[in-house]
Amino acid sequence: MSATVVLPDGVGIAHLPNQRHKIVSKRGARYTIMVCGESGVGKTTFVNTLFTSGIKDPKALHLRHKKQTEKTVEIDITKAELEEKNFSVKLAVIDTPGFGDYVNNRDSWLPIIEFLDDQHEAYMAQEQQPRRGGIIDMRVHVCLYFVRPNGHTLKPLDIEVMKQLGTRVNLIPVIAKADTLTPQDLAKFKRNILDVIHAQGIQVYSCPIESEDEDVTKTNQQIMDSMPFAVIGSTQDVSVNGRTVKGRQYSWGVAEVENEDHCDFKKLRNLLIRSHMHDLIDTTEENHYENYRQVQMETRKFGEKKVKKYENPKFKEKEEKLRMAFTEQVKKEESRFRQWEAQLVSERDRLNKDLEAQHAQIKAMETELEQLHQMAYRGGARR
Ligand SMILES: Nc1nc2c(ncn2[C@@H]2O[C@H](COP(=O)(O)OP(=O)(O)OP(=O)(O)O)[C@@H](O)[C@H]2O)c(=O)[nH]1
Ligand SMILES: [Mg+2]
């Protein structure tokens, strides 16, 4: 699917340094954004929201609307053309299927990693050809990782996936469904996430902040201070004090997508398609692609094909064995848990019986005491 995106109020492409201008206008830059994260966390809704804020093509919008309520089952690419003055950037947004922490699709993030490597691989293969015109480039320049708004911290699965992503792509953590957390809980959640990212050595994107222009430095600082970006996704028009905005309607009011007091959507969109698009493209080329190329050059002979994990029967066999061992372990743990539960119930019954016996004893002693009181009273009265 392809559409023309007219960016809202003066986009940064025209503000790129001169040298970059030439490259952009000559070849037309390619720019690819990817979203990934757990199932049902709001990735597709976010992509739709991003497209809704600025798209002119009603057909494309209609198609994306149709996808909104569906579970994403395969990698889905939406293409569009970002235009400003004479500059155009070919944008691709890649929506990916969600993964989860239950046994069956716990590992379904692995194909996403493979997809990222495949794009570097395809580019490298084309670069090695003598005629290099018309290279198809689908390398991912930025990956938004959606974190479920549980209010506590990153889960082990998030840590595992983010570690893998961070070494391959510019990774930006995003807190989904910000409207489900109070501002205090959100601030705490952000701090916890940053602490874990730091402690676990997860590589996340950090943009250059300093600029000759003081205002730009200030904006950059504000952008980076908002990481991990909290977003609200919605393509619904709702009305707030006579204004029509994109948002989510609740009995207590409206959570607005583009209101900076409600979430960081605007800042994130700004970073993605304005202020840091250039840097995201550059760092992908200079750091991530270069890393990939070097590792491959060191470990493979020239022209030798890359062995894909999923096509390697040995790997499949090993994976199957691991999965079976894991399922077996889960079963064992479950039966251990059942035994422990049964023990607990019988212990509780025993204690209840003890308690009943003690109650009966207390009751008997109380009756005895009562009788003694009465006898003492009668004796006293007689005297
Ligand atoms: N409260 C709230 N709900 C949201 C938000 N964004 C999405 N949702 C809801 O969350 C549900 C799942 O949204 P999707 O966008 O389909 O999630 P996904 O991550 O693409 O799901 P998979 O494709 O299954 O991995 C839908 O019912 C959305 O309406 C948000 O910002 N706030
Ligand atoms: Mg989806």
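Both counts, for ligands and for their atoms, begin at 1 and track the order of listing.
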K.L.:
Can you name the atoms of ligand 1, numbered from 1 with element, that are less than 4.0 Å from a heavy atom of G98?
P.N.:
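In order of number, 25 (O).
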K.L.:
Look up atom CZ in R191 and atom CG in L186, then write down how far apart they are to the nearest 0.5 Å.
P.N.:
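So the gap between those two atoms works out to 10.0 Å.
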K.L.:
Is a salt bridge present between K353 and E356, judged by a nitrogen-to-oxygen distance below 4.0 Å?
P.N.:
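Result for this pair is no, no salt bridge flagged.
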K.L.:
Is there a donor-acceptor contact under 3.5 Å linking the side chains of T44 and T72?
P.N.:
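Their side chains do contain a donor-acceptor pair, which is all the 3.5 Å distance test asks for.
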K.L.:
Before accepting this row, confirm whether a basic side-chain N of the pair E258/K246 lies closer than 4.0 Å to the acidic partner's carboxylate O.
P.N.:
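So E258 does not pair with K246 through a salt bridge.
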K.L.:
Looking only at distances, please establish whether an N/O atom of ligand 1 is found under 3.5 Å from an N/O atom of A178.
P.N.:
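Min N/O separation from ligand 1 is not below 3.5 Å for A178.
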K.L.:
Ligand 1 and S39, any nitrogen or oxygen pair closer than 3.5 angstrom?
P.N.:
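The answer is no, given that S39 and ligand 1 share no N or O pair closer than 3.5 Å.
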K.L.:
What part of D179, side chain from CB on, backbone N/CA/C/O, both or neither, has a heavy atom under 4.0 Å from ligand 1?
P.N.:
side chain
K.L.:
Less than 3.5 Å between some nitrogen or oxygen of P97 and one of ligand 1, yes or no?
P.N.:
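Not met; the criterion fails.
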K.L.:
Any idea which heavy atoms bring H141 and N170 closest together, and the distance?
P.N.:
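What the structure gives for the nearest pair is O-ND2, 3.0 Å.
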K.L.:
Tell me whether T72 has any N or O atom under 3.5 angstrom from an N or O of ligand 1.
P.N.:
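Such a contact does occur with ligand 1.
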K.L.:
Do the charged groups of D117 and R168 touch, with an N to O distance under 4.0 Å?
P.N.:
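Judged by the 4.0 Å cut-off on N to carboxylate O distance, D117 and R168 do form a salt bridge.
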K.L.:
How close do S239 and V254 get, counting heavy atoms only, and between which atoms?
P.N.:
O-CG2, 4.3 Å
K.L.:
Below 4.0 Å from ligand 1: does a non-hydrogen atom of Y250 turn up there or not?
P.N.:
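Y250: in contact with ligand 1 (<4.0 Å).
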K.L.:
When only distance counts, is T180 in polar contact with ligand 1, meaning an N/O pair under 3.5 Å?
P.N.:
no
K.L.:
According to the interplanar angle, ranging from 0 to 90°, do the rings of Y289 and Y123 count as parallel (below 30°), tilted (30 to 60°) or perpendicular (above 60°)?
P.N.:
perpendicular
K.L.:
Polar-atom distance check: I232 versus ligand 1, any N or O pair below 3.5 Å?
P.N.:
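There is no such contact.
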K.L.:
Nearest heavy-atom pair of I75 and P97: which atoms, and what distance?
P.N.:
N-CD, 4.0 Å
K.L.:
Suppose we only count N/O/S atoms under 2.8 Å; would T72 qualify as near the Mg ion (ligand 2)?
P.N.:
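A backbone or side-chain N, O or S atom of T72 is under 2.8 Å from the Mg ion (ligand 2).
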K.L.:
Mark up the atoms of ligand 1 that fall under 4.0 Å of a heavy atom belonging to T45, in ascending order.
P.N.:
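Heavy-atom distances to T45 below 4.0 Å select 6 (N), 7 (C), 13 (O), 14 (P), 15 (O), 28 (C).
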K.L.:
Hey, is there an N, O or S on T96 sitting under 2.8 Å from the Mg ion (ligand 2)?
P.N.:
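Checking T96: none of its N, O or S atoms is under 2.8 Å.
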K.L.:
By number and element, which atoms of ligand 1 are closer than 4.0 Å to a non-hydrogen atom of G233?
P.N.:
5 (C), 6 (N), 30 (C), 31 (O)
